[in-house]
Amino acid sequence: MRPRFESLRFPKNWNSPTKTGKTGPSTGARSILPLAPTRATATPSSMQQFQDAVRDALIAETGIAQEAVRLETPRDPSMGDLAFPCFVLAKELKAAPPKIASDLEGKLNDRLQGITAKATGPFLNFTIEPSLLASTVLGQIQEQGQAYGGSDEGAGKTIVLDLSSPNIAKPMSVGHLRSTVIGAAIQRVHNTLGYTTVGINHIGDWGSQFGKLVAAVDRWGDTVDLEGDPIKALLALYVRYHEEEEGDPELKQAGRDAFKELESGEDGRVRATWRHLTKISLVEFDKIYTRLGVEFDEVRGEAYYESHLNATIDRIVAAGITEESEGALIVRLSEFGKEVPPCLLRKTDGTTLYATRDLAAAFHRWELYGFDRSLYVVGGDQRLHFRQLKHVLERMGVDWEPRMEHIDFGMMRLPEGKMSTRKGRVIFLEEVLDQAAAEADKVIAEKNPGLEDRAAVAEMVGVGAVVFNDLKRERVKDVEFVWEEVLSFEGDTGPYVQYTHARLASILRKGAAEQAELDSPPTPDWGTLNGASAILGKLGRFNAVLSRAARNAEPSEITTYALSLCRDTNTWIGAERVLGQAPAVTAARLAFVDGVRQVLVNALGILGVGAPARM
RNA sequence: GCGCCCGUAGCUCAGCUGGAUAGAGCACCGGAUUUCUAAUCCGGCGGUCCCAGGUUCAAGUCCUGGCGGGCGCGCCA
């Protein structure tokens, strides 16, 4: 029998909606997290309706091609909700853009209802009648709730994601956070858009390092506490091995022999040790995943592909693209540029390499899922590796090769340099989460000492801060790990978004009480949402933001959106009152507040950050 | 040496498929709470968008060449 992690598999699509719209798990650590938005029915998002109306009017009036109608958002919200730069029409109509704009203004106003066109220089700006905008957007949010922002654009499409992928026997460092958190957010946004997703944790449980580890356990296993704190113990052995390896040929050989035995399939002592190391590591990893609210559809270590390796190599050989070089089996890739080094499939000693196992995995995933995209959420330091993988497939003539994408991200660095497990220069993820939760607890003690569920909220805020911080910049950018930044709860941070949500929730609680006093439910007066149209416009564009974030596999587009929504909303709250107004006014403003709250919940859910009602 | 990625305010970053006066947060200075959570808000300070060419009606955004930083480059993963 080949080793597998069958017992560790998680239910598929854990975060997908149930058909009845029931909420998800109500117990366990994940219950503190909001649910990611469920799939919506195929109604166009609210802003889209207005855009379509403007686009249709422009086409009808000018005969311009649909693709040429590029509607933008004016920089200054007071200029309008939508903008059309008239430059594209200049050639065709043989007129100056400002003239085109002013000529079109009246004609478009005749065609449009509820939307006013106004020419400003070469631009045509469109303002949606405020109460129409409000009732449309807020009505749709209220109707769709958790599903708002979602769509069925991905129906029938399958996205496979390779994410997290920690190495067995090493503690998860803050470096591993990135793949996990970025990958999980990309998966959730796809789920929201109706894609079928398969999140695979490609555990690093194979390779020569395990030979080294087994050798180290053999030699020094009884000097460390393997049962009590297995990961730290294994780390110590790993570090020690690398320290002593150079001056100790016997040790080096023992490591090599152990891996060779491992890969030979012999079910002996080496394999038993390896199996044990895998088991205790996965138990530790699960603790972190629970805190992060991340689960996988498949946990498949590299070892899983052991049985596929020979067939994979045979396949590549059969394609006639391999050759022997210095005793190793390689695929030359120089046709893709002289700087592209060959891909090694088999070492001189007959054992396989990382690339061999990834190729086996790629074929396996294709055969299993026939994916539309296969995303590898792996650090940018492996760009060459994935380029080589794709080139090998290309040389084989595999037509689905373009569907594989390396979703690279920048390195997490320490101020003193690159992290290195071997050198013991790492920050452990668990420690970061603990620190953040402790810090959040301190802030609560200061600001809201009577808070119920204080420990749970502190965990939500602390972990939320860490997760959000990792998602907030464009993923290709390197990040330097600075404690002060990670533990910051002010400004552009996760807790800022959570806090905004809590404030809104508080207003809604009080508003519900106020409304309960009334004899009959008031009809909202949508015309009284002073200065809210820019925010309403943002709410209406939520689906477009998610769609783009999915397409680009870029969670930072969602964090950026959430932050700007919060900033606008906090400003609005400072300027306008919700409670204690005429009933029709309060009703409209409560609906507005609830709309923002819902979108924040949905956005945070996708990001994997909790949305506490009080904090 | 070669290749890939990044380069916007003192620091960390936004800037949508090229479009209107380049925006936030942190830091610093000043202000706001008898009423919806001050983990907030308002104001001030702060920019040769790395440099040089080019394409375009229009360039932070596209192209070329430099410079600076990061990462990687056959038997690790």
Side-chain angles (χ1 to χ4, degrees), chain A residues 67 70 72-76 79 83 85-88 90-91 96-97 120-123 125 165 167 204 206-209 212 302 325-330 337-349 351-355 357-358 379-385 387 408 410-411 413 418 440 443-444 446-448 461 472-474 476-480 482 484-485 488-493 495-496 498-500 502-511 514 541 544-545 548 552 556-557 559-560 563-564 566-567 570-580 586 589-590 593 614-615:
Chain A
E67 316 81 68
R70 302 229 164 132
E72 303 171 354
T73 308
R75 211 168 262 293
D76 180 354
M79 293 195 288
C86 296
F87 304 95
V88 282
K91 224 170 249 175
T120 309
F123 291 85
N125 291 326
S165 313
N167 287 326
W206 206 246
S208 46
Q209 55 172 322
K212 297 175 183 180
E302 287 188 84
S325 170
E326 297 164 37
L329 186 68
I330 69 165
K338 62 178 190 310
E339 78 282 1
V340 184
C343 178
L344 268 79
L345 297 177
R346 188 141 53 194
K347 292 189 269 190
T348 316
D349 68 0
T351 57
T352 61
L353 288 126
Y354 186 49
R357 297 186 284 275
D358 251 346
D381 53 348
Q382 290 186 36
R383 284 184 185 110
L384 179 59
H385 167 70
R387 215 176 137 197
D408 57 346
M411 299 285 89
R413 328 182 67 256
K418 199 183 173 184
V443 177
I444 293 169
E446 183 189 315
K447 310 209 180 240
N448 198 352
V461 172
K472 79 178 178 188
R473 57 207 121 219
E474 206 186 351
V476 294
K477 294 209 156 87
D478 286 351
V479 294
E480 192 174 297
V482 180
E484 198 185 10
E485 249 169 64
S488 160
F489 300 155
E490 289 169 20
D492 285 351
T493 65
Y496 172 65
Q498 293 174 315
Y499 176 72
T500 307
R503 277 182 92 179
L504 299 179
S506 170
I507 294 173
L508 289 166
R509 279 191 301 270
K510 291 180 175 159
E514 192 177 303
R541 286 187 198 92
V545 170
R548 222 168 73 92
N552 299 337
S556 72
E557 296 184 12
T559 51
T560 302
L563 285 170
S564 96
C566 287
R567 218 172 292 122
N570 280 317
T571 298
W572 186 86
I573 289 177
E576 307 289 342
R577 303 234 92 231
V578 174
L579 306 180
T586 291
R589 293 183 180 178
L590 282 173
V593 166
R614 292 183 169 87
M615 64 184 270

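All chains are named by letter (A, B, ...) in the order of the sequence lines, taking the proteins before the strands, and each is independently numbered beginning at 1. Side-chain atoms are counted along with the backbone in the values below, which use heavy atoms only and exclude waters and symmetry mates.
Looking at the side chain of A/Leu344, the nearest of the listed nucleotides B/A39, B/A24, B/C75 is B/C75. For A/Arg473, taking side-chain heavy atoms from C-beta onward, the closest of the listed nucleotides B/C13, B/C4, B/G3 is B/C13. In the set B/C73, B/C76, B/U12, the nucleotide with an atom closest to the side chain of A/Pro341 is B/C73. Proximity note for A/Arg577 (side chain, C-beta onward) versus B/U35, B/C26, B/C73: the nearest is B/U35. Listed candidates were B/A77, B/C4, B/U12. Nearest to the side chain of A/Tyr354 is B/A77. Side-chain proximity of A/Leu384 to the nucleotides B/C36, B/C41, B/C73 is greatest for B/C73. Residue A/Ser506 places its side chain closer to B/C36 than to any other of B/A39, B/C36, B/C75. Comparing B/C75, B/C57, B/A14 against the side chain of A/Leu353 picks out B/C75 as the nearest. Out of B/U37, B/C6, B/A20, the shortest distance to the side chain of A/Val476 is found at B/C6. Here the nucleotide nearest the side chain of A/Pro495, chosen from B/G19, B/A39, B/G74, is B/A39.
What separates NE2 of A/His385 from P of B/A77 is a distance of 10 Å, to the nearest Å. Protein atom CZ of A/Arg387 is 7 Å distant from nucleotide atom P of B/C4, rounded to whole Å. Atom CD in A/Glu474 sits roughly 11 Å away from atom C1' in B/C5 (whole-Å rounding). Here the P atom of nucleotide B/C75 and the CG atom of A/Leu345 are 14 Å apart, to the nearest Å. The interatomic distance linking A/Asp492 (CG) with B/A27 (P) rounds to 12 Å, in whole Å. Taking atom OH of A/Tyr499 as the reference point, atom P of B/A39 lies 4 Å away to the nearest angstrom. Rounded to whole angstrom, the span from the CG atom of A/Asn448 across to the P atom of B/A38 amounts to 11 Å. One atom, CD of A/Glu576, and another, C1' of B/C42, lie 15 Å apart when rounded to the nearest Å.
Among the heavy atoms of the strands lying under 4.0 Å from A/Ile444 is at least one base atom, whether or not backbone atoms are also near. Residue contacts for A/Ala575: at a heavy-atom cut-off of 4.0 Å it reaches no nucleic acid atom on any strand shown. Across all strands, A/Ser208 comes closer than 4.0 Å only to sugar-phosphate atoms, never to a base (heavy-atom distances). In this structure, A/Leu563 reaches neither bases nor backbone, as no heavy-atom distance under 4.0 Å exists between it and the strands shown. In this structure, A/Gly574 reaches neither bases nor backbone, as no heavy-atom distance under 4.0 Å exists between it and the strands shown. Looking at heavy-atom distances under 4.0 Å, A/Val461 makes contact with a base. Within the 4.0 angstrom heavy-atom criterion, no nucleotide atom of any strand lies near A/Asp358. Within 4.0 Å (heavy atoms only), A/Glu326 reaches at least one base atom of the nucleic acid. A/Gly207 comes within 4.0 angstrom of sugar-phosphate atoms only, judged by non-hydrogen atoms across all strands, and of no base. Using a 4.0 Å heavy-atom distance criterion, A/Pro122 is classed as making no nucleic acid contact.
The phosphate of B/A39 has OP1 or OP2 within less than 4.0 Å of a side-chain N or O from A/Lys447. Not one side-chain nitrogen or oxygen of A/Thr560 sits closer than 4.0 Å to the OP1 or OP2 atom of B/G15. Taking only side-chain nitrogens and oxygens, A/Thr500 never comes nearer than 4.0 Å to OP1 or OP2 of B/U40. Of the side-chain N and O atoms in A/Tyr496, one or more sit less than 4.0 angstrom from OP1 or OP2 of B/C41. Dashed line: the shortest gap from a side-chain N or O of A/Arg357 to OP1 or OP2 of B/A77 is under 4.0 Å. Proximity of A/Lys477 to the phosphate of B/U12: no side-chain N or O atom is located under 4.0 Å from OP1 or OP2. The phosphate of B/U56 (OP1 or OP2) has no side-chain N or O of A/Lys91 nearer than 4.0 angstrom. For A/Arg70, a side-chain nitrogen or oxygen approaches OP1 or OP2 of B/G18 to under 4.0 Å. For the OP1/OP2 pair of B/G23 and a distance below 4.0 Å, the side-chain nitrogens and oxygens of A/Arg567 include no atom meeting the criterion. Side-chain N/O atoms of A/Arg346 include none lying less than 4.0 angstrom from OP1 or OP2 on B/G74. Phosphate proximity of B/U37 to A/Lys510: present, with a side-chain N or O under 4.0 Å from OP1 or OP2.
Annotation: of the two residues near RNA chain B, A/Leu579 and A/Ser325, the 5′-most nearest-nucleotide partner is A/Leu579. Across the interface with RNA chain B, nearest-nucleotide mapping of A/Asn167 and A/Ile507 shows A/Ile507 to be the residue nearer the 5′ end.
Separation of the P atoms belonging to B/G60 and B/C50 is 10 Å when rounded to the nearest angstrom. B/G47 sits 15 Å from B/A14 when the C1' atoms are compared, rounded to a whole Å. Taking atom P on both nucleotides, B/G7 is separated from B/C16 by 12 Å, rounded to a whole Å. Separating the C1' atom of B/U21 from that of B/G68 is a span of 31 Å, rounded to the nearest Å. Of the C1' atoms belonging to B/U34 and B/C28, the separation is 32 Å, rounded to the nearest Å. Comparing the same atom, C1', in B/C6 and in B/G46 gives a spacing of 24 Å after rounding to whole Å.
Not counting sequence neighbours, the partners of A/Thr493 by the side chain to side chain contact (heavy atoms under 4.5 Å, CB included) test are A/Ser488, A/Pro495, A/Tyr496.
The glycosidic torsion of B/G74 lies within 90° of 0, placing the base in the syn range.
With a cut-off of 3.5 Å on both pairing distances, the Watson-Crick or G-U wobble partner of B/G68 is B/C6. Of the nucleotides present, B/C73 is the one that pairs with B/G1 by Watson-Crick or G-U wobble criteria, both distances under 3.5 Å.
With hydrogens and angles ignored, no donor-acceptor pair under 3.5 angstrom links the side chain of A/Asp381 to the base of B/A77.
Once the 5.5 Å centre distance and the 30° plane angle are applied, the aromatic ring of A/Phe87 is found stacked with the base of B/G19.
Looking at A/Arg387 and A/Glu339, a side-chain N of the basic residue comes within less than 4.0 Å of a carboxylate O on the acidic one, giving a salt bridge.
Atom-to-atom distance recorded for A/Asn448:CG and A/Met615:CE is 9.0 Å, nearest 0.5 angstrom.
In terms of heavy atoms, A/Gly204 sits closest to A/Glu302 at CA-OE2, 3.6 Å. Of all the heavy atoms in A/Gly410 and A/Asp478, the pair that sits closest is CA-OD1, 3.2 Å.
Between A/Arg357 and A/Thr352, the side chains place a donor N or O and an acceptor N or O closer than 3.5 Å (distance only, hydrogens not considered). Residues A/Glu490 and A/Tyr499 bring no donor and acceptor atom of their side chains to less than 3.5 Å of each other. Donor-acceptor pairing under 3.5 Å is recorded for the side chains of A/Glu557 and A/Asn552.
With A/Arg589 contributing its side chain and A/Arg577 its backbone, the two residues share a donor-acceptor pair below 3.5 Å.
In this structure, A/Arg383 places its CZ atom where more than 12 heavy-atom neighbours from other residues, nucleotides or ligands lie under 6.0 Å away.
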